[in-house]
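Notes for the one structure printed next.
Any value given below was found using the heavy atoms of this structure, including those in side chains, with hydrogens, waters and symmetry copies removed. The chains referred to below are lettered A, B, ... by the order of the sequence lines, with proteins before strands, and numbering in each begins at 1.
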Number of protein chains: 2
Amino acid sequence: MYDPTRLAALVAVAEAGSITRAASRLGYTAPALSQQLAKLEREAGAALLVRHHRGTRLTAAGELLAGRARRVLDEMDQARHELARLAGLSGGRLRVGTFVTAGIHLLPPVLTAFRRAHPDVELTVTDYEPPAGVTAVAAGDVDLALTHAYEPAAADPMPSGLFSETLLVEELVLVTALGQMLSEGSGPLPVAELAGRPLISSAPEHPPRRGVERALAEAGATPAVVCESPGYALVCALVSAGLGVAVVPEMVAEMSPAPLAVRRLEPAAFRRTISVVHRGDRNTAAATTLMALLRSGFGRASAA
Amino acid sequence: MYDPTRLAALVAVAEAGSITRAASRLGYTAPALSQQLAKLEREAGAALLVRHHRGTRLTAAGELLAGRARRVLDEMDQARHELARLAGLSGGRLRVGTFVTAGIHLLPPVLTAFRRAHPDVELTVTDYEPPAGVTAVAAGDVDLALTHAYEPAAADPMPSGLFSETLLVEELVLVTALGQMLSEGSGPLPVAELAGRPLISSAPEHPPRRGVERALAEAGATPAVVCESPGYALVCALVSAGLGVAVVPEMVAEMSPAPLAVRRLEPAAFRRTISVVHRGDRNTAAATTLMALLRSGFGRASAA
DNA sequence: GGTCTGCCAAAAGGAACACTTAATGTACGA
DNA sequence: TCGTACATTAAGTGTTCCTTTTGGCAGACC
């Protein structure tokens, strides 16, 4: 059972004439390819390459295996195309709406997987802050959209003909600058402890988070800075710089490029739900496929 | 690029009718196969399997991919056979002589690799304690033989028509029962410290180790038990039981099933060289191939 | 002759992957 | 209601693979 990646490496060397060139053409470093080819030679039980001082050629055995390799790679390519055609995806397009955070942290691996399986589907990603995503699906501007809803808050009803499926529920956690963690212990922090703390908040009248901001105000947190920017990049940067604390989704806290200290809150009253809005029976095949990937993809994300 | 192992799993499920049966037929557990198939489905971007309550069937997409998979696996099989034929190995045989320790610790992974590449070569492994291995190659009883030579000792000259290639040089180290390590420190132990220690030794007149035993006697070690058994399994067992200390090859000390404390000696005068004895130009193709595997295989063994 | 350049290989460290066992879920038949 | 058969989920462990760094080697060039 030869690893097709290694077979592709062999073919690439045959065509490029050197390991280094083949590696850069495939997007690897030269040592990586050298190791893989050495393993392939061991597995094949024969010398496949002749190392020249001006490149690398294939031996007779190498040419033979490269020939079979081309056929193997061809079969796999055909399989991919056939599967795409069977799924009715070939040549179609897929338009995804997403809010900023999901677009940064969640969507990329899923879209990568989709693209690998269906390279000829035209992909479009558009940024919509909720509830604009729902509107976009309703208007037919996108095939599906990722949205979020915060608790405590009232859930907006779905327009008729649209459906919402929950992908992930995550807690909101407290983030502070490193070394500024409030009080002792590592367990959940009572919300009351936020009283008097300078709070970096989203716009209080920003619909999705309205309930959260009000609850924080009731706990006695002191508004320090109000961020009007979509997403949490700015909030995290300000918190990391020591301007105050903030309550953000767990995923944001963990993936933040700025260093942050993270702490859960008690009681765990703050949550956000990430959902995908779609058209149900009227979904395109591409949309259905992406939704399947979203489901398993988010399963992995929550496990990590 | 579909992993051929996963493709084989899909074919196996198609033929077995259930994941559990396919798994046991392939030598895996059911969860392993289930996970691999789930990944294949994600990669393919389509549902391949229909989970019944009485087994698992393939969907149309699954059947399609399974068909391509059969062809891919076929190509790989053909490639293997062609490579074997090209190497002149098909239907041949390979007889290997080895001393006990190498047969236990070094040869198995190399033979496994050889067998995978050339399943139709008839393999024979025979146990020869040096210098009988050289004689066996000279007599044509085996195609090649692994032998060892200890230092200090005189190297026997090769009979004409035979050649010896060094594969590995390893130090001899001191082993004791756990908790009985002599003196302090973790650096190399001066040989003089062995004076008066009870020594588990190989037969003093056993040719390969004669020089080693004599040097240990000169250092003042007290013979406690003399082992006449080939290999070091018995020596290690006695040492581990606390009957005395011993000086054994590093590889033996590290791979011993009985728990042992290991310490290097100073000066590092004791070594053994593991070589392969062969016929040079008159080697069979199979022998040449195995020697290539031995070279890279021992490279890995020394790295581990 | 000495230096530079291009190419390949070895070593070490970190991230990802695949396997295992154990536990959970689900439909069917007695 | 229980027992069986099948599949999945979860958690832990070992291996694999890729990257960076380093070293060696042959020809080109000054």
inquiry  = Please give me every residue in residues 45-64 of chain B whose heavy atoms get under 4.0 Å of an atom in DNA chain D, ordered by residue number.
reply    = B:Arg51, B:Gly55, B:Thr56

Distance, rounded to the nearest Å, where B:Glu43 contributes CD and C:dC17 contributes P = 11 Å

ask   = Should we say atom OH of B:Tyr2 is surrounded by more than 12 heavy atoms from elsewhere, each under 6.0 Å from it?
value = yes

task = Grab the OH-C1' distance between A:Tyr28 and D:dT16 for me, whole Å please.
result = 13 Å

key: C:dC8 OP1/OP2 closer than 4.0 Å to side-chain N/O of A:Ser34   = no

task = Check whether any side-chain nitrogen or oxygen of B:Ser18 sits under 4.0 Å from OP1 or OP2 of D:dA5, and answer yes or no.
result = no

inquiry  = Could you tell me if the side chain of B:Leu294 sits less than 4.5 Å from the side chain of B:Leu146, heavy atoms only?
reply    = yes

ask   = Between atom CG of B:Leu48 and atom CZ of B:Arg57, what is the distance when rounded to the nearest 0.5 Å?
value = 16.0 Å

task = Give one of base, sugar-phosphate or nothing for B:Ala32, where a contact means two heavy atoms less than 4.0 Å apart.
result = base

Separation of C:dA16 C1' from B:Asp3 CG (nearest whole Å) = 14 Å

message = Other residues, nucleotides and ligands only: do more than 12 of their heavy atoms fall within 6.0 Å of CZ on B:Arg70?
response = yes

task = Grab the CG-C1' distance between B:Leu26 and C:dC19 for me, whole Å please.
result = 14 Å

task = Look up atom CG in B:Leu10 and atom CG in B:Leu58, then write down how far apart they are to the nearest 0.5 Å.
result = 5.5 Å

query = Rounded to the nearest 0.5 Å, how far does CG of B:Leu172 lie from CZ of B:Arg271?
reply = 10.0 Å

message = Just to be sure I understand the rule, does A:Gln36 reach a base, reach only the sugar-phosphate, or reach nothing, if contact means heavy atoms closer than 4.0 Å?
response = sugar-phosphate

task = May I have the distance from A:Arg42 (atom CZ) to D:dT16 (atom C1'), rounded to whole angstrom?
result = 13 Å

Rounded distance (Å) that lies between atom P of C:dG14 and atom CD of A:Gln35 = 17 Å

ask   = Think A:Lys39 has a side-chain N or O under 4.0 angstrom from the OP1 or OP2 of D:dT16?
value = no

task = For A:Thr29, answer base if it contacts any base atom (sugar-phosphate contacts may also be present), sugar-phosphate if it contacts only those atoms, and nothing otherwise; contact means non-hydrogen atoms under 4.0 Å.
result = base

message = Taking 4.0 Å as the cut-off, does a side-chain nitrogen or oxygen of B:Thr20 come that near to OP1 or OP2 on D:dA7?
response = yes

query = Pick the nucleotide of DNA chain C nearest each of A:Pro31 and B:Thr5; which residue has the one closer to the 5' end?
reply = A:Pro31

ask   = Are OP1 or OP2 of C:dG6 and a side-chain N or O of A:Arg21 less than 4.0 angstrom apart?
value = no

inquiry  = Between C1' on D:dC6 and CG on B:Leu33, what's the gap in Å once rounded to a whole number?
reply    = 13 Å

remark   = When rounded to whole Å, the CZ to P distance for the pair A:Arg295 and D:dT9 reads 13 Å

query = Is there a side-chain contact between A:Ser18 and A:Val13, using heavy atoms and a 4.5 Å cut-off?
reply = no

